[in-house]
Amino acid sequence: MKICIYGAGAIGGYLGVQLAQAGADVSLVARGAHLAAMRANGLKLLIGDEERVVHPRCTDNPAELGPQDFVIICLKAHSITGVIEAIQPLLGPHTRIVTAVNGIPYWYFYKHGNECEGSTLESIDPGGRQWRELGPERAIGCIVYPATEIEAPGVIRHVYGDRFPLGEASGEKSADVERLAALFVKAGLQAPILDRIRDEIWLKLWGNVCFNPISALTHATLDKICTDPSTRALSKAMMLETQSIAETFGVKFRVDVERRIEGARKVGAHKTSMLQDLERGRPMEIDPLVTVVQEMGRLTRIPTPTIDAVLALVTQRARIAGLY
Ligand SMILES: NC(=O)C1=CN([C@@H]2O[C@H](COP(=O)(O)OP(=O)(O)OC[C@H]3O[C@@H](n4cnc5c(N)ncnc54)[C@H](OP(=O)(O)O)[C@@H]3O)[C@@H](O)[C@H]2O)C=CC1
Ligand SMILES: CC(C)(CO)C(=O)C(=O)O
């Protein structure tokens with residue numbers, strides 16, 4: 001099975017090692033010092049007490065790779081529009097695109113089934129280019145639950161988790177999604193196929209919409225945000241606004257807000273990816289995680305005063321740091 005991981009960073013690198021060890025024909029698209037290190041020494045995954053090293057094809061020129069069975073996009077979500085043209089050589093008539101990113105994906109309103117069917121969202125897909133040029137019909141949804149980091153160029157550290165729920169926009173259990181899930185399982189990952197993938201997208205986003213910007217503003221880790229009464233209340237207020245919006249689009253939350261916050265608290269002294277990005281001077285994933293919820297709130301005419309306030313602050317913080 002030919003798999004290209006587009007953006008073989010923290011999550012893509014973790015997937016790359018696991019899928020290559022499971023026997024897939026894996027190619028990695030990366031750049032800079034990380035690419036150079038992978039070319040020279042292979043890609044190393046530090047997981048528990050173990051070190052796993054693989055030597056897949058690594059490039060910054062996807063045109064070298066040709067059409068794939070699956071292209072797994074593991075870029076930061078705000079980078080996807082910038083690579084639309086570069087992805088094209090990887091796409092054959094049957095290639096599926098797996099969106100292994102946080103936030104709402106470009107295909108969200110494909111086979112959605114109400115008046116929003118076929119709509120695109122400016123905050124994540126400006127001008128609808130991802131929808132038109134990648135194609136919603138190619139997409140398979142994927143939620144990323146593990147946490148991983150690039151410890152050094154060519155070296156990925158696994159922090160926790162191994163679950164990547166997958167699902168078609170239609171909810172169908174297609175042969176493609178079954179094939180992909182079987183490969184993930186062979187690679188030692190959990191990959192349940194969900195018939196309501198959007199519910200799970202929101203369950204993950206429920207945390208990202210509040211914990212990520214609050215952590216970037218306060219530099220607090222997840223346990224502190226969820227324990228301190230004031231940041232816990234702020235998170236809850238943002239989550240309740242988010243829940244009202246999602247439910248208007250037919251989403252069902254399988255846990256309540258308190259349980260979701262408790263789940264995040266138990267993760268412990270973990271820095272969210274947005275805080276890590278701020279500290280390391282990397283562009284912050286604000287639009288795919290926060291602005292998109294505000295945009296969907298505007299579509300549903302649901303007020304989002306708390307999200308608006310936190311979004312204004314984190315955007316200003318990111319601008320001042322030159323990261324937005
Ligand atoms: N890391 C984590 O623990 C988690 C991440 N996620 C989500 O997963 C997604 C991926 O995150 P993560 O893996 O952390 O991100 P990373 O930044 O670690 O990985 C993305 C990689 O893609 C590279 N890249 C960017 N643009 C290009 C390009 N044009 N050509 C080639 N390579 C490129 C980046 O290089 P460069 O550094 O040079 O930009 C980087 O190495 C995000 O949506 C994130 O929110 C979800 C849960 C946890
Ligand atoms: C911290 C966590 C797990 C949830 O907000 C995350 O997804 C991130 O850091 O982006």
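For ligands, and for the atoms within them, numbers begin at 1 and follow the listed sequence.
- Proximity of Glu285 to ligand 2 is not established, as no heavy-atom distance is less than 4.0 Å.
- A salt bridge links Arg298 with Asp308; the closest basic N to acidic carboxylate O contact falls under 4.0 Å.
- Looking at Asp287 and Tyr324, their side chains come closer than 4.5 Å, going by heavy atoms from C-beta outward.
- Taking 4.0 Å as the cut-off, Gly32 does not count as a neighbour of ligand 1 on heavy-atom distance.
- The minimum heavy-atom distance between Leu311 and Thr291, with the atom names listed, is CD1-OG1, 3.6 Å.
- For ligand 1 and Pro146, the ligand atoms under 4.0 Å from any heavy atom of the residue are 3 (O), 47 (C), 48 (C).
- Protein heavy atom at the shortest distance from atom 28 (C) of ligand 1 is Arg31 NH1, 3.7 Å.
- Within the 3.5 Å criterion, the main-chain N or O of Arg138 finds a donor-acceptor partner in the side chain of Arg96.
- In terms of protein heavy atoms, atom 41 (O) of ligand 1 is closest to Gly9 CA, 3.6 Å.
- Nearest protein neighbour of atom 10 (C) of ligand 1, counting heavy atoms only, is Cys74 O, 3.1 Å.
- Looking at heavy atoms from C-beta onward, Lys76 lies out of side-chain contact with Val101 at the 4.5 angstrom threshold.
- Neither the backbone nor the side chain of His158 has any atom closer than 4.0 Å to an atom of ligand 1 (non-hydrogen atoms only).
- For atom 9 (O) of ligand 2, the nearest non-hydrogen atom of the protein is Ser273 N, 2.7 Å.
- Residue Tyr160 has no nitrogen or oxygen atom sitting less than 3.5 Å from a nitrogen or oxygen atom of ligand 2, judged on distance alone.
- Between Lys271 and ligand 2, no pair of N/O atoms sits closer than 3.5 Å.
- If you number the atoms of ligand 1 from 1 as listed, the ones under 4.0 Å from a heavy atom of Glu285 come out as 42 (C), 43 (O), 44 (C), 45 (O).
- In this structure, atom 5 (O) of ligand 2 lies nearest to the protein heavy atom Asn212 OD1, 2.9 Å.
- Between the side chain of Glu168 and the main chain of Ser174, no donor-acceptor pair closer than 3.5 Å is present.
- Scanning the protein for heavy atoms near atom 13 (O) of ligand 1, the closest one is Ile11 N, 2.8 Å.
- With respect to atom 6 (N) of ligand 1, the closest heavy atom belonging to the protein is Asn102 ND2, 3.6 Å.
- The distance criterion of under 3.5 Å between nitrogen or oxygen atoms is met by Ala10 with respect to ligand 1.
- Residues Arg254 and Glu200 are paired through a salt bridge, judged by an N-O separation under 4.0 Å between the basic side chain and the carboxylate.
- Checked by atom type and distance alone, the side chain of Glu295 pairs as donor or acceptor with a backbone atom of Ser123 at under 3.5 Å.
- Side-chain atoms of Leu313 and Gln316, non-hydrogen and from C-beta on, never get closer than 4.5 Å to each other.
- Here the closest non-hydrogen pair linking Cys58 and Met38 is SG-CB, 3.8 Å.
- Atom numbering of ligand 1 starts at 1 in the shown order; those under 4.0 Å from a heavy atom of Val83 are 29 (N).
- For ligand 2, the atoms closer than 4.0 angstrom to any heavy atom of Lys204 are 7 (O).
- Leu45 has its side chain within reach of Gln18: a pair of non-hydrogen atoms, C-beta onward, lies under 4.5 Å apart.
- Each of the following atoms of ligand 1 lies closer than 4.0 Å to a heavy atom of Lys204: 46 (C), 47 (C).
- If you check which protein heavy atom lies closest to atom 4 (C) of ligand 2, you get Asn208 ND2, 3.5 Å.
- Nearest heavy atom pair, residue Trp206 against residue Gln243, reads CZ2-OE1, 3.4 Å.
- Considering only heavy atoms from C-beta on, Thr248 comes within 4.5 Å of Ile302 through its side chain.
- Within ligand 2, counting atoms from 1 as listed, the ones closer than 4.0 Å to a heavy atom of Thr272 are 1 (C), 9 (O).
- Remark: minimum distance from atom 15 (O) of ligand 1 to any protein heavy atom is reached at Lys76 CE, 3.4 Å.
- Contacts of Ala30 with ligand 1, taken as heavy-atom pairs under 4.0 Å, involve the backbone alone.
- For atom 22 (O) of ligand 1, the closest non-hydrogen atom on the protein side is Gly7 CA, 3.2 Å.
- Within the 4.0 Å heavy-atom criterion, neither part of Arg282 lies near ligand 1.
- For ligand 1, the atoms lying closer than 4.0 Å to a non-hydrogen atom of Val101 are 43 (O).
- Contact check for Lys173 versus Asp195: no side-chain heavy atoms found under the 4.5 Å cut-off.
- Taking every heavy atom of both residues into account, Gln130 and Asp125 meet most closely at N-OD1, 2.7 Å.
- Annotation for ligand 1: atoms under 4.0 Å from non-hydrogen atoms of Ala147 are 3 (O).
- Of the protein's heavy atoms, Thr148 N, 2.9 Å lies nearest to atom 3 (O) of ligand 1.
- By the 3.5 Å distance cut-off applied to N or O atoms, His270 is not counted among the residues near ligand 2.
- Classification of Arg232 and Glu262 as a salt-bridged pair holds, one side-chain N sitting under 4.0 Å from a carboxylate O.
- Taking only non-hydrogen atoms, the option from Leu75, Asp60, Ile5 nearest to atom 24 (N) of ligand 1 is Leu75.
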